[in-house]
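Read through the structure below, which is laid out as structure tokens, and then see the notes.
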Amino acid sequence: MVRDGLARWVAGRTVDSVEVRHPRAIRRHAPGPGDFASRIAGRTVEAAERRGKYLWLPLDSGEAVTAHLGMSGQLLVEPGDAPDEKHLRVRLRFADGGRELRFVDQRTFGGLAVDELVEVDGTVVPRSVAHIARDPLDPAFDDAAFVAGLRSRRTGVKRALLDQTLVSGIGNIYADEALWRTKLHYARPTESLTRPAGLLLLGQVRDVMTEALAQGGTSFDALYIDVNGQSGYFDRSLNAYGRTDEPCGRCGTPIRRDPFMNRSSFTCPRCQPRPRRGRW
DNA sequence: CAGTGGCCCTGTCTGC
DNA sequence: TGCAGACAGGGCCACT
């Protein structure tokens with residue numbers, strides 16, 4: 001939805017000027033703000049693409065403006081006379097004088113960069129995205145390869161889900177929700193999962209992502225473009241994530257919160273019992 | 001090399 | 001009331 005919106009608003013338009021308001025927002029662009037701006041200004045945006053949590057705008061130069069929205073990042077398409085957001089980091093003005101593109105990010109976990117486009121596995125992606133796996137909604141996603149990769153890991157199943165080189169687009173929320181649906185504990189050793197169990201898990205991941213996407217779709221019409229898509233989904237559909245001490249929707253047992261990778265994991269202690277020999 | 005843990009950042013909330 | 005600390009979280013990097 002974010003990608004669709006961006007494509008609709010910026011594809012075919014030529015960038016006039018680039019304003020970097022906060023250097024940290026382009027910290028992954030090593031050559032710095034001057035180089036960043038000069039590679040974008042005067043170029044025409046050809047499309048908007050996405051993989052996992054990355055989003056990019058291919059330019060007519062063979063490079064692309066690559067964005068990672070982190071947790072709090074937004075790409076907004078707004079009239080030039082709209083007041084600057086408090087956390088406005090980068091602004092792109094277009095030669096046609098129409099709406100401008102703004103990167104807004106409170107916590108600056110995200111950022112922009114300009115990157116060379118390369119071909120990986122039959123798909124053209126920015127170099128910085130080349131190591132990111134396809135997401136499960138990608139038509140070219142290879143289910144069998146994913147399950148094989150999952151089973152060959154020597155770690156806990158949630159760690160594997162969060163590893164973007166194995167599968168992309170799954171964050172802490174989607175992981176907990178898919179694990180709850182599959183009745184798997186986050187520390188379940190990946191090598192102990194059967195192929196059918198792996199496919200079942202993948203199916204639940206897909207369902208969670210599809211439902212989240214459907215519910216987040218509405219926010220975009222207001223030109224509020226946000227990869228999190230949390231608006232409706234966050235409140236209505238979560239079964240485990242953030243529901244500490246609330247009853248499990250299946251069995252009524254209070255949901256439990258555990259520290260996990262400097263974050264949290266939410267499980268139903270009854271539906272998702274901790275394995276005896278769990279892997280973190 | 002694969003796996004793991006710490007840290008980045010800032011606003012909000014909780015508890016003393 | 002005010003302040004300290006926990007928490008949110010994807011990814012990068014150093015370390016084992």
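Lettering of chains follows the sequences in order, A, B, ..., and the numbering in each one begins at 1. Source: prediction; values computed, not measured.
- In terms of the side-chain contact (heavy atoms from CB on, under 4.5 Å) criterion, R28(A) has no residue partners (sequence neighbours excluded).
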Show the distances under 3.5 angstrom between N or O atoms of the protein and N or O atoms of nucleotides 12-16 of chain C.
| unit_1 | atom_1 | unit_2 | atom_2 | d |
| --- | --- | --- | --- | --- |
| dC12(C) | OP1 | Y54(A) | OH | 3.3 |

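- Contacts of R257(A) with the nucleic acid, taken as non-hydrogen atoms under 4.0 Å apart, involve only primed sugar atoms and P, OP1 or OP2.
- Partners of F103(A) under the ring pair (Phe, Tyr, Trp, His ring centres under 6.0 Å) rule, at least two apart in sequence or in another chain, do not exist in this structure.
- Projected onto DNA chain B by closest heavy-atom contact, S152(A) and N262(A) fall at different nucleotides, the more 5' of which corresponds to S152(A).
- Between R93(A) and D16(A) there is no salt bridge, since none of the side-chain N atoms of the basic residue sits less than 4.0 Å from a carboxylate O of the acidic one.
- Taking only side-chain nitrogens and oxygens, S264(A) comes nearer than 4.0 Å to OP1 or OP2 of dA8(C).
- The nucleotide whose nearest atom lies closest to any side-chain atom of R159(A) is, among dC8(B), dG11(C), dG5(B), dG5(B).
- Annotation: salt bridge (Lys or Arg N to Asp or Glu O under 4.0 Å) contacts involving residues 107-117 of chain A, sequence neighbours excluded, comprise E116(A)-R127(A).
- R89(A) has its CZ atom 11 Å from the P atom of dC9(B), to the nearest Å.
- With distances taken from any side-chain atom of T155(A) to the nucleotides dC8(B), dA8(C), dT4(B), the minimum falls on dT4(B).
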I'd like to compare against my own output: the B/S/- annotation of nucleotides 11-16 of chain B with a strict under-4.0 Å heavy-atom distance to protein.
S-----
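- N172(A) comes within 4.0 angstrom of sugar-phosphate atoms only, judged by non-hydrogen atoms across all strands, and of no base.
- Judged by the 6.0 Å distance and 45° axis criteria, R250(A) is positioned over the aromatic ring of W180(A).
- Rounding to whole angstrom units, CZ of residue F109(A) and C1' of dC7(C) are separated by 11 Å.
- Between M261(A) atom CE and dG5(B) atom C1' there is a gap of 9 Å when expressed in whole angstrom units.
- A donor-acceptor contact under 3.5 angstrom links the side chains of R274(A) and Y186(A), judged on distance only.
- For H68(A), the side-chain contact (heavy atoms from CB on, under 4.5 Å) partners at least two apart in sequence or on another chain are K53(A), Y54(A).
- In this structure, R153(A) atom CZ and dA2(B) atom P are separated by 8 Å, rounded to whole Å.
- Looking at S192(A) and R188(A), their side chains do bring a donor and an acceptor atom within 3.5 Å of each other.
- No more than 12 heavy-atom neighbours from other residues, nucleotides or ligands sit within 6.0 angstrom of CZ on R256(A).
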